[in-house]
> 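Please see the structure below; I have some questions.
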Amino acid sequence: MSTTKNYWLIKSEATCYSIDDLARDKVAPWTGIRNFQARNYIRDGMRPGDRALFYHSSGTPTAPSGVYGIAEVVSEPYLDPTALDVRDEHYDPKGADWVAVDMKFVSKLDRPVTLADIKKDPLLRKMLVAKQGQRLSVMPVTKEEFEGVVGRWEK
DNA sequence: GCCAACGTTGGC
DNA sequence: GCCAACGTTGGC
């Protein structure tokens, strides 16, 4: 098992669950991931202490898509209980072994780093999220990319 | 709301 | 295992 910290980007629609919701809740279970590649990243890579860029997708002109804050992984991956709950909107009748982790609020960026900002930056545009049509809701980023986003407005 | 990208499903 | 149809994501 790796002992170094890993860095991630996690996506959520702001109207569904935003960085402000996480700030209010402090810690929240990150459930409902139903994409095998994203599942594998969580299951095989996410560990407590890892940090994640919190990205709002499906933005609007006044609240554009981009990174709005930082979260920290505070649990090991565990079986996602919403996949087994027939009343849950993310119920999976096929019973695949989906996983979840608990995420803790760390901070909100002073200003969002929008997708447009990311695509303009030579370092940041290598991130998977900048690739056209990238639909992963959980993806790895490098330490340099993570710090590049966090420090975007401190230059 | 449109539509391109892309993951998933299912017929063969 | 191929691939067309279908459904969903997500930027615009």
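Just so it is clear, the values below take in all heavy atoms, side chains as well, and ignore hydrogens, waters and symmetry mates. Below, chain A is the first sequence line, B the second, and so on; all start at residue 1.
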> Counting only side-chain N and O atoms of A:Lys11, is one of them less than 4.0 Å from OP1 or OP2 of C:dG10?
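Result: yes.
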> So, do A:Tyr78 and A:Trp98 have ring centers that fall under 6.0 Å from each other?
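No: the rings miss the under 6.0 Å criterion.
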> Can you measure A:Trp98 atom CH2 to B:dG7 atom P for me and round it to whole angstrom units?
13 Å
> B:dA5 P sits how many Å from A:Asn35 CG, rounded?
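It works out to 18 Å between those atoms.
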> Calculate the interatomic distance between A:Arg125 atom CZ and C:dG11 atom C1'; express it in whole Å.
18 Å
> For the pair made of CZ in A:Phe36 and P in B:dC6, what is the distance, rounded to whole Å?
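In whole Å, B:dC6 P lies 19 Å from A:Phe36 CZ.
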> Look at A:Tyr55 and C:dG11 and indicate whether a side-chain polar atom (N or O) is within less than 4.0 Å of OP1 or OP2.
yes
> Would you say A:Leu79 and A:Leu84 are hydrophobically clustered, going by side-chain heavy atoms of ILVMFWY under 4.5 Å?
no
> Considering all heavy atoms of both residues, which atom of A:Ser57 and which atom of A:Ser65 are nearest to each other, and what is their separation?
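Nearest pair, atom of A:Ser57 first, then A:Ser65: C-OG, 3.9 Å.
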> Compare the minimum distances between each of C:dG10, C:dC12, B:dC6 and the side chain of A:Lys119, then state the nucleotide with the smallest one.
C:dC12
> Taking atom C1' of B:dG7 as reference, at what distance in whole Å does atom NZ of A:Lys94 sit?
12 Å
> From C:dG11, B:dT8, B:dG7, pick the nucleotide closest to the side chain of A:Arg135?
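That would be B:dG7.
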> In whole angstrom, give the distance that lies between atom CD of A:Gln37 and atom P of B:dA5.
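Atom-to-atom, A:Gln37 to B:dA5, this comes out as 18 Å.
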> OP1, OP2 of C:dG11 versus side-chain N and O of A:Ser65: anything below 4.0 Å?
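It does, given that an N or O in the side chain of A:Ser65 lies less than 4.0 Å from OP1 or OP2 of C:dG11.
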> In whole Å, I'd like the distance from the CG atom of A:Asp92 to the P atom of B:dT8.
12 Å
> Using whole Å, what does the distance between atom P of nucleotide C:dG10 and atom CE of A:Met127 come to?
15 Å
> Hey, which of A:Asp117, A:Leu115, A:Ile118 is the one that makes side chain to side chain contact (heavy atoms under 4.5 Å, CB included) with A:Leu124?
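Among A:Asp117, A:Leu115, A:Ile118, the one meeting side chain to side chain contact (heavy atoms under 4.5 Å, CB included) with A:Leu124 is A:Ile118.
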